[in-house]
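This report refers to the structure that appears directly beneath it.
These figures come from a predicted structure and were not determined experimentally. Residue numbering restarts at 1 for every chain, and letters A, B, ... go by the order of the sequence lines.
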Protein chains: 2
Amino acid sequence: MIRLSRLADYGIVILTRLARERGRPMAASTLAADTAVAPAMTGKILKLLARAELLVSQRGAHGGYALARAPEAITVADIIEALDGPIALTSCADPASTDCGLEPLCPARANWRRINRAIREALAGITLAEMAAAVPDALAVAPEAERLASTGRRAAGSPLLLDGAR
Amino acid sequence: MIRLSRLADYGIVILTRLARERGRPMAASTLAADTAVAPAMTGKILKLLARAELLVSQRGAHGGYALARAPEAITVADIIEALDGPIALTSCADPASTDCGLEPLCPARANWRRINRAIREALAGITLAEMAAAVPDALAVAPEAERLASTGRRAAGSPLLLDGAR
DNA sequence: GCAATTAGAACCGGATCGGTTCCATTTCAA
DNA sequence: TTGAAATGGAACCGATCCGGTTCTAATTGC
């Protein structure tokens, strides 16, 4: 199973929530409460997303985070790359990697590059706007998360959007 | 980094070697020697591939493994699925998974399914024949592996085709 | 019957990753 | 000016997963 990291998983949840603010900033604590992602985790993810320039941050009292671009201009590929690093099935395709003994001859490189490109394009084809648009207003993330948290159907700290692989 | 498991990595190397035999069987030990993949690992992978019916096996003395189908009819997706399980970024998209609290409402499911399908199609678009075809005869896997093994440029047990991520 | 070979399962150590904690820095407001 | 609220950044820890090994059983040819 090729699996998405939880970081990216949570990141998409958080960004989806943020997308509904249309550029208005939100504090990390508010985001954590709304998405039911653990606050510490939320902070970590927001910092990474800010460093990748998907978010802009405002420090100090009354600070917070806001999308750096329109949701239409942020793709799933952007998010995964910000949180998990470059999208590639193998480091073989990474030009910076040089410790592969077969480097100059490796016959599979071209094919792997094809594969990696195809995967990257698949992920770059979905925007944050599309992910967020699928949420009907009546089932918006925040109230839903609260309902689940209160009913206890979901273990604390478990992923909101997706559960673990397998 | 979305990374390919070593199992799948090695599996592709081994199958690429096997593809050059055009249906003739090879013993696991021979394959291990030719590909420089550790013998025990090679055995494990061959067993998995046989169970997935990508290979046919002949037990007993002078036994071995051969491709169950033409290399043109085996895709990278087949190989990865045989060794790593279903190709999907999230179990959310797995109909059998029911422990997602948001199951019936999850707004992202449709999008994830799109993404997963795109990735699967990318991997299903490359055949073993294509992977094998990229090997010029002069640089065929076997002699190359031996050369590297003898020169010691590559640590014993390290991947032949690709090195670890990061 | 013995040697060669695959089938299958259990097992182990280490790397990775999800998650937490701590401290520094910035900003606002009383 | 001081303190509270917030982000920035790094280190740390424990559990899980995975690469890899080992052992035993079953099968087949000579």
Side-chain angles (χ1 to χ4, degrees), chain A residues 1-11 13-14 18 25-33 36-53 55-66 68 80 83-85 91 155-160 162-166, chain B residues 1-11 13-14 18 25-33 36-53 55-66 80 83-85 91 155-166:
Chain A
M1 165 97 58
I2 300 171
R3 74 183 197 297
L4 192 66
S5 77
R6 294 238 166 150
L7 233 53
D9 176 351
Y10 297 153
V13 174
I14 290 170
L18 215 32
M26 289 179 76
S29 55
T30 313
L31 277 167
V37 173
M41 202 74 245
T42 304
K44 184 179 192 171
I45 291 166
L46 289 168
K47 288 167 195 171
L48 286 169
L49 292 173
R51 207 180 305 178
E53 297 181 335
L55 297 180
V56 289
S57 65
Q58 172 62 38
R59 299 179 68 166
H62 306 113
Y65 296 90
I80 293 178
L83 297 172
D84 287 352
S91 64
S158 73
L160 173 61
L162 318 160
D163 36 273
R166 239 172 286 279
Chain B
M1 166 96 58
I2 300 174
R3 74 184 198 296
L4 191 68
S5 77
R6 295 234 166 152
L7 233 53
D9 176 351
Y10 297 155
V13 174
I14 290 170
L18 216 32
M26 288 181 77
S29 55
T30 313
L31 277 167
V37 173
M41 202 74 243
T42 305
K44 185 179 191 170
I45 290 167
L46 289 168
K47 288 166 194 169
L48 286 170
L49 292 173
R51 209 180 304 180
E53 297 181 334
L55 297 180
V56 289
S57 65
Q58 172 62 36
R59 299 179 68 165
H62 306 110
Y65 295 89
I80 293 177
L83 297 172
D84 287 351
S91 66
S158 76
L160 174 61
L161 178 56
L162 320 160
D163 37 273
R166 237 171 287 277

If the cut-off is 4.0 Å, is [X] near the phosphate of [N], judged by side-chain N/O to OP1 or OP2?
X       : N      : value
A:Tyr10 : C:dC17 : no
A:Arg51 : D:dT7  : no
B:Ser57 : C:dA7  : yes
B:Arg6  : D:dG20 : yes

Where [X] and [Y] come nearest, the two heavy atoms and their spacing:
X       : Y       : answer
B:Thr42 : B:Ala28 : CG2-O, 3.8 Å
A:Ala68 : A:Val56 : CB-CG1, 3.9 Å
A:Ala8  : A:Ile80 : CB-CG1, 4.2 Å
A:Leu83 : A:Leu7  : CD1-O, 3.3 Å
B:Tyr65 : B:Leu18 : O-CD1, 3.8 Å
B:Ala66 : B:Pro25 : CB-CA, 3.7 Å

*Quick one: does A:Arg59 reach the base of D:dA6 with a side-chain donor-acceptor pair under 3.5 Å?*
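No, no donor-acceptor pair under 3.5 Å.
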To the nearest Å, give me how far apart [atom1] ([X]) and [atom2] ([N]) are.
X       : N      : atom1 : atom2 : value
A:Met26 : D:dA6  : CE    : C1'   : 15 Å
A:Leu83 : C:dG19 : CG    : P     : 13 Å
B:Tyr65 : C:dA4  : OH    : C1'   : 13 Å
A:Ile14 : C:dG18 : CD1   : P     : 13 Å

*Identify, between A:Gln58 and A:Met41, the residue whose nearest nucleotide on DNA chain C lies closer to the 5' end.*
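That would be A:Met41.
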*With nearest nucleotides of DNA chain C determined for A:Ala61 and A:Leu7 from heavy-atom distances, which residue corresponds to the more 5′ nucleotide?*
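Residue closer to the 5' terminus by nearest nucleotide: A:Leu7.
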*Out of B:Val37, B:Val13, B:Ile14, which residue meets the side-chain contact (heavy atoms from CB on, under 4.5 Å) rule with B:Leu31?*
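In the set B:Val37, B:Val13, B:Ile14, the residue that makes a side-chain contact (heavy atoms from CB on, under 4.5 Å) with B:Leu31 is B:Ile14.
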_Give the residues of residues 42-50 of chain B touching DNA chain D, defined as any heavy atom closer than 4.0 Å, sorted by residue number._
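Here the set is B:Lys44.
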*Classify the nucleic acid contact of A:Ala40 as base, sugar-phosphate or nothing, counting any heavy atom under 4.0 Å across all strands shown.*
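Base contact - A:Ala40 has a heavy atom under 4.0 Å of at least one base atom.
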